[in-house]
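Below is one structure, written out as structure tokens; the observations come after it.
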Protein chains: 2
Amino acid sequence: METMEPTRKEPSQHEIAARAGVARTTVSLVMRGGAGLKQETIDKVHKAAEELGYRPNLMATMTRSGKSRMVGVMVPPIDSYWARIACGIHDYLTEQKYIPLFLWPSHMFEDLDEHRELDQVHLMLDCRIGGVILWPYFAKMFEKHIHEFSSRSLPVVTVDCSIEQAGVNADSVLGDNRTGAKAVAKHFKELGHKNIIHFAGPDSEDWARDRREAFEEEVDCLTVEVDIRPRLDPIMKTTLEAHPETTAVFAATDVFARDVYRVAAELGRRIPDDLSVVGYSDLDFGEYLNPPLTTVHDNPYNMGKRAASLIVHRMEGNAEDDPTVQLLPVQLLQRGSTKSIV
Amino acid sequence: METMEPTRKEPSQHEIAARAGVARTTVSLVMRGGAGLKQETIDKVHKAAEELGYRPNLMATMTRSGKSRMVGVMVPPIDSYWARIACGIHDYLTEQKYIPLFLWPSHMFEDLDEHRELDQVHLMLDCRIGGVILWPYFAKMFEKHIHEFSSRSLPVVTVDCSIEQAGVNADSVLGDNRTGAKAVAKHFKELGHKNIIHFAGPDSEDWARDRREAFEEEVDCLTVEVDIRPRLDPIMKTTLEAHPETTAVFAATDVFARDVYRVAAELGRRIPDDLSVVGYSDLDFGEYLNPPLTTVHDNPYNMGKRAASLIVHRMEGNAEDDPTVQLLPVQLLQRGSTKSIV
DNA sequence: ATGAAAGCGCTAACAG
DNA sequence: CTGTTAGCGCTTTCAT
């Protein structure tokens with residue numbers, strides 16, 4: 001029996017044991033710290049391992065111990081914001097010797113069939129992840145995903161949204177959207193702006209609703225256009241034309257703000273002289289716009305790190321704690337797109 | 001013995017066997033297609049599996065069979081170009097039921113200590129990847145990485161560069177840089193440009209050298225500035241001022257082109273009226289520049305797919321074939337930053 | 001057509 | 001302190 005040629009033959013603890021003249025078990029002990037073994041034995045084993053170029057087999061370790069070090073990470077490569085979140089997750093996890101399993105719905109931007117989207121979830125399950133970090137922003141089947149995980153009582157951490165669903169208790173990490181929006185409002189006030197438009201995201205999304213509500217608590221807007229995404233340019237143009245007295249625009253994301261630049265140019269309104277513009281998220285293109293975009297930086301890298309540390313905490317046995325919501329501090333980045341009118 | 005509480009208790013083939021009233025082995029057979037089993041048995045097993053919510057344990061499968069379905073992928077989240085490559089790799093691999101293991105040097109942009117960079121390589125090895133896809137663009141220790149893999153005779157595919165190193169035979173996937181650069185040259189000629197500057201990348205990088213050489217074969221440049229990255233803006237400014245007769249600039253990447261826009265604005269030269277500009281790579285910000293940037297589209301998504309298909313091919317047993325270099329077609333994207341001067 | 005036996009590389013209880 | 005024993009969940013050979 002045992003014939004099929006394997007992909008490769010790496011040295012195992014068996015070979016080390018033979019070479020060092022100890023039992024297989026002893027090698028195992030040494031590899032995990034070797035508490036209470038004779039220094040001589042430890043050295044012998046390490047030497048043999050070194051000579052053989054030994055690398056532990058994490059698959060086997062995980063199988064045997066029943067302890068997963070795999071963390072499912074479902075955050076698709078959308079833009080620089082995502083990239084920073086992903087880096088935060090990656091850096092924290094690998095530092096702790098956990099393994100991020102980055103998987104997301106394929107063909108995100110095409111019309112996705114549900115079948116394929118669930119496949120990625122199953123792939124994670126089949127890799128026996130011990131927890132999962134989700135960025136629901138995109139996921140058409142978010143509820144189904146969540147259920148798939150929490151029904152197996154896998155810990156879940158969400159980034160950039162909090163989740164309230166029956167039977168699900170997930171931790172979440174968010175930028176402090178309310179404070180960010182208020183900082184924008186305050187900034188406008190200080191600059192003397194009174195005629196302000198807010199282009200908001202869909203109210204169904206936490207980040208969009210929080211920003212809109214907090215902003216409206218601070219200032220009276222001429223108008224607030226909610227969920228402009230389906231027909232971006234036309235709505236912006238119409239709205240701006242309908243309110244020629246507008247001196248300031250708060251765009252719910254930098255992506256919207258970029259379009260405001262374009263539309264403003266078409267309408268012959270100069271930024272910041274005729275129109276002050278503020279975005280949100282500090283996406284990479286913002287500082288290269290002309291003028292550079294004033295925006296709210298909300299620390300996606302740290303969001304990633306925090307999300308990772310939360311999931312690790314759960315995986316290390318604190319599964320029963322109450323779910324937390326972590327709000328990360330934000331920071332207004334004043335650049336060239338806003339100007340005083342007093 | 002066997003006490004430590006495992007992370008979770010998923011149903012195994014053992015439970016299925018018990019519930020379906022067959023042997024453990026039979027379940028295993030069914031799970032891999034069940035060739036030559038009675039249909040009745042197959043159905044019984046599937047039913048039991050379904051009822052238990054069974055999911056196969058890939059870790060165990062891989063451990064036992066000695067066949068890895070893990071593919072190391074070392075392409076860090078730099079920009080939209082990378083994101084498309086990553087998506088291509090991800091989509092192809094998951095479709096084939098392979099698992100991409102995205103890992104990259106942490107703290108890429110900080111001063112990285114070698115130690116941490118090798119850690120990620122070791123993590124891949126410890127996961128018993130069966131092959132690896134590398135994007136060397138960033139890696140300070142690229143040679144060491146390659147060696148770590150190829151000394152274990154793991155197949156390697158490089159993206160966006162070809163590798164020539166003793167004892168290493170890696171496949172590679174590249175955009176057709178020479179053809180791309182010539183297309184730019186041809187475009188300039190058709191528009192009547194004769195006084196052209198090329199801002200090139202470092203000659204040590206394949207993509208940069210290929211673009212520069214091919215471009216210079218087609219047109220006479222006023223000047224070619226090589227490897228401007230260390231002091232981007234000053235060099236551009238000086239060069240542009242030293243050659244006031246310049247009517248066209250070919251920037252080796254869109255990133256350079258973006259800076260050309262800024263410098264041109266400072267010098268009071270309007271694009272495209274006074275200066276035609278072409279970039280390379282079709283990064284996401286290009287179409288939002290004012291005017292939208294003419295550039296060369298390179299098909300990073302397909303590069304990713306091809307890289308993935310190459311590595312799968314190797315992993316499925318064609319380890320001995322000669323290394324291939326795959327050149328992907330490119331396409332000039334004419335937008336608003338170039339103009340005829342005849 | 002199915003099952004028994006053997007074992008991948010590893011861990012964890014226990015004994016000596 | 002070290003080695004023995006008994007597995008994790010799975011595959012593969014071989015016997016029935």
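For clarity, every value in this text was computed on a predicted model and none was experimentally measured. Naming convention: chains lettered A, B, ... in sequence-line order (proteins, then strands); numbering from 1 in each chain.
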Gap between atoms [atom1] and [atom2], on [X] and [N] respectively (whole Å):
| X | N | atom1 | atom2 | result |
| --- | --- | --- | --- | --- |
| A/M59 | C/dT11 | CE | P | 14 Å |
| B/K67 | D/dT11 | NZ | P | 10 Å |
| A/R128 | D/dG9 | CZ | C1' | 9 Å |
| B/H14 | C/dA4 | NE2 | C1' | 15 Å |
| A/M62 | D/dC10 | CE | P | 14 Å |
| A/E10 | C/dG9 | CD | P | 10 Å |
| B/R32 | C/dA1 | CZ | C1' | 17 Å |
| A/M31 | C/dA12 | CE | C1' | 17 Å |

Please state whether the phosphate of [N], meaning OP1 or OP2, lies under 4.0 angstrom from any side-chain nitrogen or oxygen of [X].
| X | N | value |
| --- | --- | --- |
| A/S65 | C/dA12 | no |
| A/Q13 | C/dT11 | yes |
| B/R64 | C/dG7 | no |

Practice problem: Please list, by residue number, the residues of residues 43-56 of chain A whose heavy atoms come closer than 4.0 Å to an atom of DNA chain D; answer none if no residue qualifies. | Solution: none
Practice problem: Identify whether any heavy atom of A/T63 sits under 4.0 Å from a base atom; if not, whether one sits that close to sugar-phosphate; answer base, sugar-phosphate or nothing. | Solution: base
Do the side chain of [X] and the main chain of [Y] share a donor and acceptor less than 3.5 angstrom apart?
| X | Y | answer |
| --- | --- | --- |
| A/S68 | A/M70 | yes |
| A/T158 | A/C161 | yes |
| B/T26 | B/V22 | no |
| B/E15 | B/S12 | yes |

Quiz item: Where the side chain of B/L37 is defined as all heavy atoms beyond and including C-beta, which of D/dC10, C/dT2, C/dG9 is the nearest nucleotide?
Solution: C/dT2
Quiz item: Less than 4.5 Å apart, any side-chain heavy atom of A/V73 and any of A/V132?
Solution: no
Self-check item: Nearest non-hydrogen partners of A/A20 and A/A48, listed with the distance
Solution: CB-CB, 4.0 Å
Practice problem: List the atom of A/H313, the atom of A/N318, and the distance in Å for their closest heavy-atom pair. | Solution: O-OD1, 2.9 Å
Quiz item: Of all residues at least two apart in sequence or in a different chain, which pass the side-chain hydrogen bond (donor to acceptor under 3.5 Å, both in side chains) check with B/R19?
Solution: B/E51
Quiz item: Residues from residues 21-29 of chain A sitting under 4.0 Å of DNA chain C, heavy atoms only?
Solution: A/R24, A/T25, A/S28
Quiz item: If you draw the axis of the six-membered ring of B/Y98, does the NZ or CZ of B/R69 fall within 45° of it and under 6.0 Å from the ring centre?
Solution: yes
Quiz item: Bend angle of the helix from C/dA1-D/dT16 to C/dG16-D/dC1 from five-pair axes at both ends, rounded to 10°?
Solution: 40°
Quiz item: Between B/A60 and B/K38, who's closer to the 5' end of DNA chain C by nearest nucleotide?
Solution: B/K38
Do any side-chain atoms of residues 30-45 of chain A form donor-acceptor pairs under 3.5 angstrom with protein atoms, and if so which ones, sequence neighbours left out?
residue: A/Q39; atom: NE2; partner: A/D43; partner atom: OD1; Å: 3.0

Quiz item: Relative to the ring of B/W82, is the ring of B/W104 parallel (under 30°), tilted (30 to 60°) or perpendicular (over 60°)?
Solution: perpendicular
Practice problem: Check salt bridge (charged side-chain N to carboxylate O under 4.0 Å, His left out) between A/E148 and all other residues, then give those that pass, not counting sequence neighbours. | Solution: A/R152
